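One structure is given here, and the rest of the page talks about it.
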Amino acid sequence: MVRTLSPHDVKLLQQMAPEFTGENCSTIDAPYKSLLPPIANHYSTNADDFSMRIKKLSSDDLQYLCELIISGEESLHCLPPEYFSLLAAHVKETIGAPFAAKVTAVYAAEQ
């Protein structure tokens with residue numbers, strides 16, 4: 001599902017990637033439509049960096065992001081498996097196994 005990032009989404013993107021300045025996705029020259037793919041593919045230098053960035057989110061913001069994933073509004077299809085594993089582990093640790101299982105099912109369906 002294609003979406004326009006809300007002001008809250010932009011705030012989360014800036015929180016995870018302080019270097020974000022509102023630019024477009026360089027590969028398609030269009031505004032970002034999700035949060036995690038640009039964090040993984042444009043801002044993170046490696047899996048550890050990605051993990052550090054997603055851990056900047058509060059548990060409420062992480063739950064919000066998971067709800068977007070579960071509803072199909074947040075895309076995971078561009079996330080490398082190693083990065084997704086770190087996300088799933090963080091979700092499980094922070095907001096619980098049920099959310100982690102739902103997010104994992106969405107990721108599996110998008111692959």
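Bear in mind that the values here come from a model prediction, so they are computed numbers and not experimental data. All values below were derived from every heavy atom in this structure, side-chain atoms included, with hydrogens, water molecules and symmetry-related copies excluded.
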Before giving the answer on side chain to side chain contact (heavy atoms under 4.5 Å, CB included), spell out for T104 and F84 the whole-Å C-alpha distance, their side-chain angles and the decisive distance to 0.1 Å.
CA-CA 8 Å; T104 298; F84 176 76; 3.7 Å; yes
Side chains of H77 and S75: donor-acceptor distance under 3.5 Å anywhere?
yes
Hey, does the side chain of Q14 reach the backbone of F20 with a donor-acceptor pair shorter than 3.5 angstrom?
no
Going through the distances and angles, do K33 and L5 end up as a side chain to side chain contact (heavy atoms under 4.5 Å, CB included)?
CA-CA 6 Å; K33 302 293 183 190; L5 297 183; 5.8 Å; no
Could you measure the distance from the CD atom of E19 to the NE2 atom of H42? Nearest 0.5 Å is fine.
12.0 Å
Backbone of L79 reached by a side-chain donor or acceptor of Y107 within 3.5 Å:
yes
Sub-3.5 Å donor-acceptor pair from the side chain of Q63 to the main-chain atoms of I95, do we have one?
no
For the pair T94 (side chain) and V91 (backbone), establish whether a donor and an acceptor sit closer than 3.5 Å, ignoring hydrogens and angles.
no
Between Y64 and D9, is there a side-chain donor-acceptor contact under 3.5 Å, judged purely by atom types and distance?
yes
Let's go through F99 and K92 carefully: what are the C-alpha distance in whole Å and the side-chain angles of both, what is the deciding distance for side chain to side chain contact (heavy atoms under 4.5 Å, CB included) to 0.1 Å, and is it a yes or a no?
CA-CA 7 Å; F99 268 104; K92 183 177 181 181; over 6 Å; no
Shortest non-hydrogen pair, C78 vs N41, comes out as O-ND2, 3.1 Å
Contact between I54 and L62 at the side-chain level, heavy atoms closer than 4.5 Å - yes or no?
no
If you group Ile, Leu, Val, Met, Phe, Trp and Tyr by side-chain heavy-atom gaps below 4.5 Å, do M52 and I39 land in one group?
no
State, with a plain yes or no, whether a side-chain heavy atom of Y43 is found less than 4.5 Å away from one of M16.
no
Note, R53 side chain near P18 side chain (heavy atom, < 4.5 Å)
yes
Determine whether more than 12 heavy atoms belonging to other residues, nucleotides or ligands lie under 6.0 Å from atom CD of E110.
yes
What distance separates H90 NE2 from S85 OG, expressed to the nearest 0.5 Å?
14.5 Å
Given 3.5 Å as the limit, does a donor-acceptor pair link the side chain of E74 with the main chain of C66, or not?
no
Give the intermediate values and the outcome of side chain to side chain contact (heavy atoms under 4.5 Å, CB included) for residues L76 and L87.
CA-CA 11 Å; L76 297 175; L87 172 66; 4.2 Å; yes
Is the backbone N or O of A47 less than 3.5 Å from a side-chain atom of S51, with the two atoms forming a donor-acceptor pair by type?
no
Cluster overlap L86 with L13, hydrophobic side-chain contacts below 4.5 Å
no
K56 side, atom NZ; S58 side, atom OG - distance, nearest 0.5 Å:
14.0 Å
Those residues that, when tested against D61, pass salt bridge (charged side-chain N to carboxylate O under 4.0 Å, His left out) (two or more places apart)
none
